[in-house]
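In what follows, every heavy atom counts, from backbone to side chain, and hydrogens, waters and symmetry copies are set aside. Chain letters run A, B, ... following the sequence lines, proteins first, then strands; residues in each count from 1.
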Amino acid sequence: MSRYDPKVSEPKWQAAWNGAGCFEVRAELDRPKYYVLEMFPYPSGRIHMGHVRNYTIGDVIARYKRARGFNVLHPMGWDAFGLPAENAAMERGVHPATWTYGNIDAMREQLKSMGLSIDWSRELATCHPSYYRHQQRLFLQFLEAGLVYRKESWVNWDPVDQTVLANEQVIDGCGWRSGAPIERRKLSQWFFRITAFSDELADALDGMDGWPEKVRLMQRKWIGRSEGARVFFEVLGRDERLEVFTTRPDTLFGASFCALSPHHPLTAELAAANPALRDFVAECDRLGTSEETIERAEKQGFDTGLRVRHPFLPDRILPVYVVNFVLYEYGSGAIFGCPAHDQRDLDFARKYGLDVTPVVLPTGQDPATFEVGDTAFVEDGTLINSAFLDGLDVAEGKRASIARLEALGAGKGTVQYRLHDWGVSRQRYWGCPIPVIHCPSCGAVPVPVADLPVALPDEVDFSQPGNPLARHEGWKSVACPGCGGAATRDTDTMDTFVDSSWYFARFCAPQFEEAPLDPAALDYWMPVDQYIGGIEHAILHLLYSRFFMRGLKQFGYSREAEPFAALFTQGMIGHETYRDPDGKWLSPDEVEKDSDGGLSTRDGRPVTLGRVEKMSKSKRNTVDPTTIIGNYGADTARWFMLSDSPPDRDMEWTEAGIEGAWRFVQRLFRIVTGAAPSLPAAGSPLPAAFGAEAFALRRQVHKAIEQVGRDFESFGFNKAVARLYELTNALAGFRAADEGDRWALREACETLARLGAPMIPHLAEELWHRLGRDGLLTDQPWPAFDPALTRDESVTIAVQVNGKLRAKLDLARDLDETSVREAALAEEAVRRHLDGKPPRKVIVVPNRVVNIVA
RNA sequence: GGCCGCGUGGUGAAAUCGGUAGACACAGCAGACUUAAAAUCUGCUUCGCGGUAGCGCGAGUGCCGGUUCGAGUCCGGCCGCGGCCA
């Protein structure tokens with residue numbers, strides 16, 4: 001018998017789908033839509049296993065929903081701007097555009113070989129002027145709406161990439177891409193006013209039940225809404241007040257000092273006249289801006305000599321320090337320190353010998369003896385030593401303190417967020433140019449819409465570090481659109497997160513030219529019904545997209561404020577790691593398994609097996625999807641991806657696993673094609689009667705239809721795989737003897753193909769064809785199950801004595817309780833365990849269990 | 001340190017509403033076919049004890065306790081792993 005050859009079948013069916021235009025869709029208002037989207041890839045040049053998993057999951061959903069009658073939008077594009085293209089230009093002298101478009105061509109071919117049900121007519125690349133032109137238009141609309149602004153600000157400067165990074169792109173004080181330690185610099189930057197939506201972005205999370213709770217929590221924390229108060233302290237000898245922010249106005253009576261951020265304006269003013277303070281600030285700067293580093297660093301302060309007056313106690317005078325643990329970006333950049341109830345303040349107070357007065361008493365403690373040692377008391381309790389607040393709890397104390405501050409004009413209740421506005425200026429070439437012209441007399445002037453796009457110049461010089469656009473005089477110099485005078489373009493480009501903040505909306509009408517987005521198309525397709533991608537984008541990309549969507553709504557492009565109705569985050573793919581005797585990492589194809597299970601290199605040196613880790617170039621434990629698809633075909637790769645591990649969990653790629661999937665693909669082909677010649681003609685009428693075997697097979701078939709459908713709806717692909725294994729096993733052991741048997745066998749074979757189609761689409765088409773069916777299986781609706789066949793008429797009931805299984809009964813479904821009880825008590829094993837005594841109690845759970853209490 | 005998630009055979013896992021723990025697969029073992037190997041097919045495979053065997057008994061879902069006729073599932077405490085935040 002011939003083997004299934006994916007090298008022949010897969011291109012054949014891909015061509016057939018392509019020729020029939022199966023996946024090219026348009027808005028059809030009378031049909032329900034379903035928009036499936038996987039996070040679009042960065043065109044690095046090759047797909048990796050993470051992509052295979054991501055796009056396989058999405059494709060199963062897309063194909064399943066399509067069979068279920070939905071008008072499915074499943075597009076693909078390229079997140080094509082970004083630094084690697086420039087690195088390639090610097091290292092290899094290839095133009096970023098050439099490099100990027102070449103990579104896109106290569107990866108498109110790889111993705112196509114997976115047999116994905118993608119509407120390729122909608123393909124877009126963010127680096128193409130036909131895309132970024134619209135992005136520039138959107139930028140100007142955000143600008144007009146006051147949602148984009150320019151300000152001087154401290155930035156995280158990546159000295160290796162020579163660019164600015166957003167706070168969230170700084171990880172452990174280092175650039176997220178380069179890994180280089182970050183420096184602080186002050187630059188003029190463009191910002192998206194994401195904080196205009198802080199409350200809304202946080203509040204809307206509550207209703208987003210299609211998102212994992214984990215991601216919603218991460219976003220909520222990122223936004224970091226906290227309620228507190230601004231408190232004004234009178235500065236002695238100066239005609240000004242120091243404003244501090246606190247989340248604990250209830251602890252004001254425990255204040256023993258005030259502290260300024262090294263970047264507070266007052267610090268700068270004092271430092272101008274004080275070299276020692278200047279040195280201290282410089283030392284703080286070396287810490288970087290990472291909150292974690294700052295938190296871990298030893299608390300240090302510098303007494304400015306300034307003194308302030310306590311707002312409630314005119315006689316209480318507090319010292320003002322500049323400290324290394326207060327962030328200028330958060331709150332007002334100044335705090336009051338209450339050592340007894342804040343750990344950082346306590347560490348600081350102990351170091352500098354400041355007063356520690358407890359003002360919150362833990363429940364059950366005696367105020368006369370309660371003392372704070374090395375650990376601040378941060379929980380709820382009763383306020384003491386606090387005049388009019390005494391006796392209140394923390395929440396009441398906050399309210400009362402704020403009320404008094406407001407009455408005295410010494411403060412105000414306020415809400416603070418951790419979220420900052422989104423700085424998007426990047427000093428790079430390969431990004432979307434910011435469509436603004438700087439004129440000496442008119443200031444920052446938007447590029448007129450008619451002049452868009454502001455296209456990137458082709459001629460660029462990458463021989464020096466820094467931004468080639470800033471050195472490109474021919475491109476930079478323009479006439480001011482306002483006054484006509486000599487002016488220069490903004491030479492920064494946008495953070496690539498801007499590109500990915502609206503691509504999903506552009507997919508709705510990617511060729512629409514009049515405007516960035518077609519409101520009618522968005523109205524039909526948006527929101528994305530199912531978004532699928534990695535957890536690493538849980539905060540930034542998803543939060544920026546949610547912000548952008550609110551802008552798009554405001555500009556009338558969208559009626560929806562949320563882009564993604566449901567989100568699924570897939571797990572990572574791991575692989576064993578290997579090292580040679582020198583400790584160097586080895587790739588899986590450099591390692592051989594000996595007959596006794598030991599590992600060695602091809603030249604016979606011993607190999608140390610390391611633990612399973614996420615596939616990465618540095619550990620060399622990657623497996624190339626092209627090789628896998630070349631050797632086994634796309635269906636085998638897809639099948640293994642979906643088997644065994646639930647898709648949200650990390651999975652391990654193994655040789656044995658892919659071999660097992662390959663064997664299944666072959667087995668399924670063998671069984672179905674082996675049975676095909678003996679089957680009744682396709683579409684033969686239902687026989688009048690079935691034998692017991694055929695009836696049992698039909699039951700299993702219809703149960704599988706019900707279960708696999710349910711599994712797909714709930715992302716239980718591993719369970720769907722298990723059901724199809726079961727069905728295949730049943731089919732393999734089935735011997736058809738009469739016409740009814742053969743009819744049931746055809747039904748089983750066809751069902752197997754149809755249920756498997758979303759996961760192994762090429763093989764399913766091949767089987768459908770070999771079973772004598774015309775047309776494409778891809779165009780077939782999802783099979784319906786007969787509810788009469790999914791309910792067994794007899795059930796197995798477990799009989800327990802004192803909760804322990806003693807017997808099993810095969811009884812008619814829904815048999816009356818008395819009969820079930822009798823049957824259970826009549827069991828020999830039950831009688832043995834009852835030891836002749838009457839049962840004390842018998843619990844009968846219909847169709848499931850009988851528990852006899854002895 | 002805080003918050004969240006997860007702990008089930010040799011391995012990945014399943015158990016949908018508190019009701020037969022281990023479906024399905026991988027790996028392993030035994031057998032059939034074959035000159036042989038591969039492939040394929042059949043069977044076994046949670047652990048312990050007893051029995052020639054069918055089978056019986058006991059234990060068992062990280063640990064300790066609780067609720068319940070009945071707990072992998074619910075509750076409390078602990079331990080371990082992972083993630084996020086600090």
inquiry  = Students often get this wrong, so: under 4.0 angstrom with heavy atoms, is A:T796 touching a base, only sugar-phosphate, or nothing?
reply    =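 Contact class for A:T796: base.
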Is there a Watson-Crick or G-U wobble partner for [N] with both distances under 3.5 Å, and which nucleotide is it?
N     : answer
B:G56 : B:C49
B:A37 : none
B:C3  : B:G83
B:U16 : none
B:G65 : B:C75
B:U8  : none
B:G70 : none
B:C29 : B:G43

Between [options], which nucleotide has the shortest distance from any of its atoms to the side chain of [X]?
X      : options             : result
A:R418 : B:U16, B:G12, B:A86 : B:A86
A:R667 : B:G12, B:A25, B:C41 : B:C41
A:K719 : B:U20, B:C3, B:A14  : B:A14

inquiry  = If you assign A:A656 and A:N718 each to the RNA chain B nucleotide with the nearest heavy atom, which residue ends up on the more 5' nucleotide?
reply    =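 Its nucleotide being nearer the 5' end, the pick is A:N718.
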inquiry  = I want to confirm an ordering. Mapping A:A722 and A:D644 to their closest nucleotides on RNA chain B, which one lands closer to the 5' end?
reply    =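 The residue mapped nearer the 5' terminus is A:D644.
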Spacing of the [atom1] atoms in [M] and [N] (rounded, Å):
N     : M     : atom1 : answer
B:C69 : B:U20 : C1'   : 16 Å
B:C44 : B:C26 : P     : 16 Å
B:U42 : B:C24 : P     : 13 Å
B:G77 : B:G82 : P     : 23 Å
B:A13 : B:A25 : C1'   : 8 Å

Using OP1 and OP2 only, check whether a side-chain N or O of [X] sits under 4.0 Å from [N].
X      : N     : value
A:R848 : B:C17 : no
A:R649 : B:G7  : no
A:K214 : B:C3  : no
A:R663 : B:C26 : yes

Is the [X] ring parallel, tilted or perpendicular to the [Y] ring (thresholds 30°, 60°)?
X      : Y      : result
A:Y632 : A:W662 : perpendicular
A:H537 : A:F497 : perpendicular
A:F640 : A:W653 : perpendicular
A:W422 : A:Y544 : parallel

query = Atom CG of A:L809 and atom P of B:U20: how far apart are they, to the nearest Å?
reply =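 A:L809 atom CG is separated from B:U20 atom P by 14 Å.
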query = Taking O4'-C1'-N9-C4 for purines and O4'-C1'-N1-C2 for pyrimidines, is B:C55 syn (within 90° of 0) or anti?
reply =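 Anti.
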Anti or syn - B:G51, cut at 90° from 0 =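 Anti, since the glycosidic angle lies more than 90° from 0.
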ask   = Donor-acceptor pair, A:R638 side chain versus A:M759 backbone, under 3.5 Å?
value =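 Indeed, once roles are kept as given, a pair shorter than 3.5 Å links the two residues.
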Ion pair [X]/[Y], N-O distance below 4.0 Å:
X      : Y      : answer
A:D792 : A:K703 : yes
A:D711 : A:R723 : yes
A:D345 : A:R248 : no

Cation-pi, A:W222 ring and A:R418 (6.0 angstrom, 45 degrees) =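 Because its charged atom sits under 6.0 Å from the ring centre and within 45° of the axis, A:R418 does stack over A:W222.
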query = When every nucleotide of nucleotides 54-71 of chain B is labelled 5' to 3' by its protein contacts under 4.0 Å (heavy atoms), B for base, S for sugar-phosphate only, - for none, what sequence of letters results?
reply = --SSSS---------BS-
